[in-house]
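What follows is a short report on a single structure.
Proteins come first, then strands; the chains are lettered A, B, ... in the order of their sequence lines, and each starts at number 1. No experiment lies behind these values; they were computed from the predicted model shown. Reckoned from all heavy atoms, side chains included, excluding hydrogens, waters and symmetry mates.
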There are 2 protein chains.
Amino acid sequence: MAKSAEQVVAEAPPDARLAPASETSGGPDGTAEVDSTRSRILDVALDLFVEKGYDRTSLREIAERLGVTKAAIYYYFSSKDDILMALHMRLHEVGREALGRLARGPVSVALWADLLDEVMGEMLAQRSLFLLHERNQAALEKLHGTQHGIVHDAEHEDLQQAFHRVLADKSVPLRDRIRMACSFGAVFACLFMAGDAFADVSDDDLGDQVRSAVRDLLGV
Amino acid sequence: MAKSAEQVVAEAPPDARLAPASETSGGPDGTAEVDSTRSRILDVALDLFVEKGYDRTSLREIAERLGVTKAAIYYYFSSKDDILMALHMRLHEVGREALGRLARGPVSVALWADLLDEVMGEMLAQRSLFLLHERNQAALEKLHGTQHGIVHDAEHEDLQQAFHRVLADKSVPLRDRIRMACSFGAVFACLFMAGDAFADVSDDDLGDQVRSAVRDLLGV
DNA sequence: GTCTATATAGGGATAGAC
DNA sequence: GTCTATCCCTATATAGAC
C-alpha cells in the first residue's frame with residue numbers, strides 16, 4: 001500500500017534487495033504482474049523450497065527447471081540465501097498490517113480472534129509462502145543470524161516473532177495465552193499439516209469450519 | 001553406494017538396524033539404559049538435528065561434540081541417513097500403541113480425544129523426538145522414498161501417516177475431521193510452536209490447560 | 001573401537017566471453 | 001542478460017593402520 005517508499009526502477013538492477021514487493025504476487029485480485037526472469041526464479045525457487053526443502057534444493061535444479069544456467073541466477077541474486085530472503089520478504093509483506101494491529105494496543109482474545117481471522121485469509125491465499133516458512137525454519141533462522149540488517153531490522157518484526165512475544169507476555173492471563181496458541185495451532189493444522197486430507201473441501205467451507213472451531217476455543 | 005541391501009550381519013556392533021528400541025530412551029520409567037558410544041551418538045545427533053536441522057549438521061560436528069572422529073561414527077552407522085533412521089525408529093516406538101488403537105475400530109471424536117491425551121503425554125516426555133520429526137520433514141520424506149523397506153514396511157505405519165489417513169477418511173463427518181485436525185494442532189502449537197513462550201508453566205499445568213482446550217474443541 | 005589419510009562428489013560462487 | 005568454464009570448499013564415505 002502506502003509503503004512503497006523506495007520503489008526501485010523496473011528491470012536493470014541486479015541485487016535488487018530493495019524491491020521486495022513487486023513480483024508476480026498471486027494476490028487477492030489475481031494480478032500476475034511482471035513475468036520477468038527474476039520473478040520466475042522466485043516462483044520456481046518457492047515451489048522447490050517447499051517441495052524438497054531449501055537445503056536440498058540446488059541452484060542447478062532451479063536453473064534447469066527454468067531453462068537457464070546457474071550463472072544467470074547470479075545476475076539477479078547475489079546468493080542462494082538472497083533468494084530465500086526475497087521470498088521471506090514476500091511473506092513479510094503479507095502479514096504487515098496484521099502485525100501493526102498486534103503492536104498497538106493491548107492484547108486480548110477478542111483481538112486475537114480478529115487477527116487470526118484475517119491471517120487465515122492470507123494463509124489460504126498464499127499457502128506456499130507460509131509452507132516455505134514452516135518447512136525451512138532452520139535456514140530462515142540462519143538468515144536472521146547473519147547480515148542483511150538493512151532490510152530486516154528490529155522494526156520489521158516477523159509474524160512468528162510477534163506471535164511468540166504475545167504468547168510469552170505475562171501480563172496476559174495464562175489461560176488466554178494458551179487458548180491463543182491453541183487457536184493458531186488449530187488453523188495451522190487444518191491448512192498446513194493436514195496435507196491433502198481436506199482436498200475435497202473448498203477453501204470457503206474449510207475456512208468457515210475452522211473459524212467456528214476458533215470461536216469455540218477463544219469463547220468469542 | 002550405501003545401498004547395502006539386506007546386510008544384517010548378526011554381530012553385536014555395527015549396522016544395528018534391527019535393534020531400534022534399546023538405547024538410552026528416557027522412557028516412562030526413566031531408565032537410562034546403556035551409555036554406549038552408539039547411543040551417545042544418537043543423543044548428540046538428536047540435539048543437533050533439532051537445533052540446526054539435519055541438512056545443516058555435519059558428521060564432523062557430531063563427532064567433535066562427542067570427542068571422536070567421523071570415522072568412529074561410521075563404525076556404528078552405515079551412513080548419515082542411518083542415524084536419522086535410528087532416531088526415527090525411536091519416535092516410531094513411542095507412538096506404537098496409539099497407532100494400534102487407531103488402526104482397529106471406527107474413528108470417533110471420543111476415540112480421538114482419548115488418543116490425543118495419550119499422545120500428548122508422550123510428546124511432553126519426548127519433546128526432542130517430535131521436534132526432530134517436525135523440523136526435518138524434507139529429510140524424512142527422502143528417507144521414506146529410498147530403501148530400508150525391511151524395517152519400515154507398510155505395516156509399520158507412521159503416526160503422521162495414520163493421522164493423515166483418518167483426517168482424509170470420508171466416512172467420518174467433515175466437521176469431526178476438521179475438529180480432530182484442530183485439536184491436534186492445538187496440542188502441537190502449545191508444545192512445539194510456542195517455543196519457550198510457556199517456559200514459565202509446568203508441564204502438568206500446560207497439559208491440563210491444553211486438555212481443557214481439546215475438550216472444548218471436540219465437545220467431549 | 002578409534003584413528004589418519006584420502007577418494008569422490010556436489011554445491012555455491014566468480015570471471016569473462018558473447 | 002545469459003552462457004561456458006572453473007575455483008574452492010565442505011561433506012559423505014572408504015581404506016587401512018594401530
Take atom [atom1] of [X] and atom [atom2] of [N], then tell me their distance rounded to the nearest Å.
X	N	atom1	atom2	answer
A/Ile73	C/dT14	CD1	C1'	15 Å
A/Leu84	C/dG12	CG	P	12 Å
B/Phe77	D/dT12	CZ	P	14 Å
B/Ile62	D/dA11	CD1	C1'	12 Å
B/Asp55	C/dG11	CG	P	12 Å
B/Leu59	D/dT12	CG	P	4 Å
A/Lys142	C/dG12	NZ	P	15 Å
B/Tyr74	C/dT4	OH	P	16 Å

Look at the side chain of [X] and decide which nucleotide, out of [options], has an atom nearest to it.
X	options	answer
A/Tyr75	C/dT4, D/dT2, C/dG12	D/dT2
B/Ala72	D/dT12, C/dG12, C/dC3	C/dC3
A/Thr69	D/dT4, D/dG1, D/dT12	D/dT4

Assess whether a salt bridge exists between [X] and [Y], defined as any Lys/Arg side-chain N lying under 4.0 Å from an Asp/Glu carboxylate O.
X	Y	answer
A/Arg211	A/Asp117	yes
B/Asp55	A/Lys52	no
B/Arg101	B/Glu97	no

Are the side chain of B/Glu61 and the backbone N or O of B/Ser58 linked by a donor-acceptor pair below 3.5 Å?
yes
Using OP1 and OP2 only, check whether a side-chain N or O of [X] sits under 4.0 Å from [N].
X	N	result
B/Thr37	C/dG1	no
B/Tyr76	C/dT2	yes
B/Arg60	D/dT10	no

A/Ala71 or A/Ser58, whichever maps to the more 5' nucleotide of DNA chain C:
A/Ser58
Closest-nucleotide 5' rank along DNA chain C - winner of B/Lys70 and A/Tyr54
B/Lys70
Point-to-point distance, once rounded to the nearest 0.5 Å, from CD of B/Gln126 to CZ of B/Arg90
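Rounded to the nearest 0.5 Å, the CD-CZ separation comes out at 8.5 Å.
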